[in-house]
Every structure is written in C-alpha cells, then in structure tokens.
2 protein chains.
Amino acid sequence: MKNNNNSLKIDGIDKKILRYLMEDARKPILEIARNIGISGAAIHQRLRKLESSGLLAGSKFIINPRVLGYTTMAYIGIFLDKAMSNPRAVKELEKIPEVLECHYTTGNWSILIKVLCRDNEHLMQVLNKKIQQIEGVSRTETFISLNQQIDRQIQI
Amino acid sequence: MKNNNNSLKIDGIDKKILRYLMEDARKPILEIARNIGISGAAIHQRLRKLESSGLLAGSKFIINPRVLGYTTMAYIGIFLDKAMSNPRAVKELEKIPEVLECHYTTGNWSILIKVLCRDNEHLMQVLNKKIQQIEGVSRTETFISLNQQIDRQIQI
DNA sequence: GTTGAAATCACACTATA
DNA sequence: TATAGTGTGATTTCAAC
C-alpha cells in the first residue's frame, strides 16, 4: 500500500474516482460507476480504502465570497519580536475571522497570512485594529491580490 | 435580496445550512433538516435560491497531499520584465501542475504563486527548470511554509 | 484481494396545498 | 413551509473470479 517514498500508491481507477469527486463532491457514486465502467460497490470499497489511508480529508461546499460583498483578498507578511512565540501569535490570529490562512515561513517574515475583507477600508481596519494590536507584532507588509487567476488542488 | 452594499442577504437558517455543508458537502439534506427543525423541502428551496444567487460555487472533495508524499508548500514572489505581460505569464504558470494558486498582486512582485512539491529538491527543480525558464521572469523570492496553521473559508 | 448483482433502506426532488 | 409520493442513489451482503 505504500511505496518506498512512504507515499500511498493509488491506481488509475482511484485517480479517476478522485478526479470526479474533487470537481463535485455530490456527484452520485453510481454515475461515476457508469462513467468508468465498474460497479457502485467497487467504488464504495475504494473510497473506504482511500478514506482510511487519510488521503480523503473530507468534502466541502465552496462559497463565493464576492456575493457576500467580500472582494478584497490580501497576503500579509508579519514580523514578530523575538520575545513573541509563534504559537501565541497564531492563537491570536485564529480569533480574527478575516484570516483564512496562516503559514509559518522561512525568509523575511515570521508569519505569512491570507486575509479576506469586504474592501480596502475593511482591510485597513483589520490591519490597524486587529493584527497590529497583537502583542509582539512589530511590522507588516501587505500585498493585495488584484486578481486570483489560478486556484486549484493538487493534480492527480 | 440585495442590501445597499450590493451583497446578498442571507438569514440565520441559510447560514446554518451553509455551515453544515461547508464542513461536509455530502451531509444528507434530511439530516440537516432534522438538526435545525425544518423540512427537507424547505432546505431544497433555500439551496436553489443560494445556488442561483451565485453564492454556492460547487463542492469539492478535499485530499490530503501529504499522503501522496507532497510535503513542501511554498509561496514564490515573481518579478516580471516590463515586456512580459501578466496574462502570458499566467498561461505558462497554468501548465505547471505544482502551481496551485496565482495572484496578481500590488507591492514588490508582479505575481505571487503558491506551489506544492514533494520535497525541497522537487521545489528546487520546479523553480530552476520550470518557473525561471518562463520568458520574462527576471527574479523570484521563495518562502517555504514550514507549517500551515490555519486553513479555512470565510466565516458566516 | 477485488469484483459485480441483488436487495433493502434512505434520500432527493417535485407537486400540491 | 410542510406533506405526500415517486424515482433514484447509497450501502450491505454475498457469491464468483
């Protein structure tokens, strides 16, 4: 089940099943079965195997934040004082709903986060009144995403 | 249906439905109905409304790339020559499967991308043999994500 | 270990009020 | 928003390869 790189081995049929479901998690399993020419029960068993291997990490409905008026996405690089530990900062960032991602990175900054705001004014408020109020945050650098042109998962 | 900010108005029941489905896209609608105390048909109608409004942008199976041996995530800031147009660069980046996101950003770089690789060596190959081979790419700055500590959608 | 057919149960979806 | 009704899919079992 594992090859010498300690990564899971999946065959062509697994890949086909996953490609369908990664596009549309609610696609009926029997429809997939018909498309790739095996029985529904076979797909069930493969999915259970993939789930127990940990490869399948669940399914999500994707919502379009623009429709709710959230149009400004930005990345923010954060410099932390040496005294401030990363876990404590992350704990504070978690409380800010506009923060969607948080990465502990090599390079310039201590932390790189992705935020989603309604507009530039909202972004400014998040920066000034929330992020820079966190103890230990010394400086930030903001990069507004004018346009996200690629957004996808790993290709299999 | 729209308020004065031109954003969609959704009520508490819509939010509850969405919260269930954003966690698990395959959760049975009747189960949600039982949990929040309304009929399945009512949920159907609300989902149709939300879908036609464009808020629901589909559903996805989420896979865990670690299980496939992909453990190195990085952000790469790309400087483009003035001669190189952004759309042409994006077109080339789309061909690189390791590129998961691509943002046209304000600030230092022309483009900020997110890549997912098996390990540091793989990342180096993607950088040297793929990204820096693109015509018009003058320089790059790489930030490896040692640990992604937050990953979520917009909170509703 | 993997597959497919059959059978049961539960759900999706529509019409109607 | 709920009820009723029909069609369809999910899931298990079991036999066969």
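Lettering follows sequence order; numbering is per chain, from 1.
Atom CG in Asn35(A) sits about 15 Å away from atom C1' in dG9(D), given to the nearest Å. If you take CD of Glu51(B) and P of dA12(C), they are 14 Å apart, rounded to a whole angstrom. For Leu30(A) and dA6(C), the CG to C1' distance is 13 Å, given to the nearest whole Å. Between the CD atom of Glu31(B) and the C1' atom of dA12(C) there is a distance of 15 Å, given to the nearest Å. In this structure, CD1 of Ile29(B) is placed 16 Å from C1' of dT1(D), rounded to the nearest angstrom. Put simply, NZ on Lys16(B) is 16 Å from C1' on dT1(D), counting in whole angstrom units. Taking atom CD1 of Ile38(A) as the reference point, atom C1' of dG1(C) lies 15 Å away to the nearest angstrom.
Phosphate proximity of dG9(D) to Arg26(A): absent, as no side-chain N or O sits under 4.0 Å from OP1 or OP2.
Between Asp119(A) and Thr72(A), the shortest heavy-atom distance links the atoms CA-OG1, 3.2 Å.
Glu31(A) and Lys27(A) are joined by a salt bridge, as a carboxylate oxygen and a charged side-chain nitrogen come within less than 4.0 angstrom of each other.
Residue Lys130(B) is tested with Gln125(B), Glu92(B), Glu98(B) for a side-chain hydrogen bond (donor to acceptor under 3.5 Å, both in side chains); the sole match is Glu98(B). Among the candidates Arg46(B), Arg19(B), Arg48(B), the single residue satisfying the salt bridge (Lys or Arg N to Asp or Glu O under 4.0 Å) test with Asp14(B) is Arg46(B).
Listed by residue number, Ala41(A), His44(A), Arg48(A) are the residues of residues 39-48 of chain A with a heavy-atom contact under 4.0 Å to DNA chain D.
Of the candidate nucleotides dC11(C), dA12(C), dG4(C), dC11(C) has the atom lying nearest to any side-chain atom of Arg34(B).
Proximity of Ile134(B) to Ile78(B): side-chain heavy atoms (C-beta onward) are nowhere separated by under 4.5 Å.
For the residue pair Asn86(A)/Gln149(B), the side-chain donor-acceptor check at 3.5 Å is satisfied.
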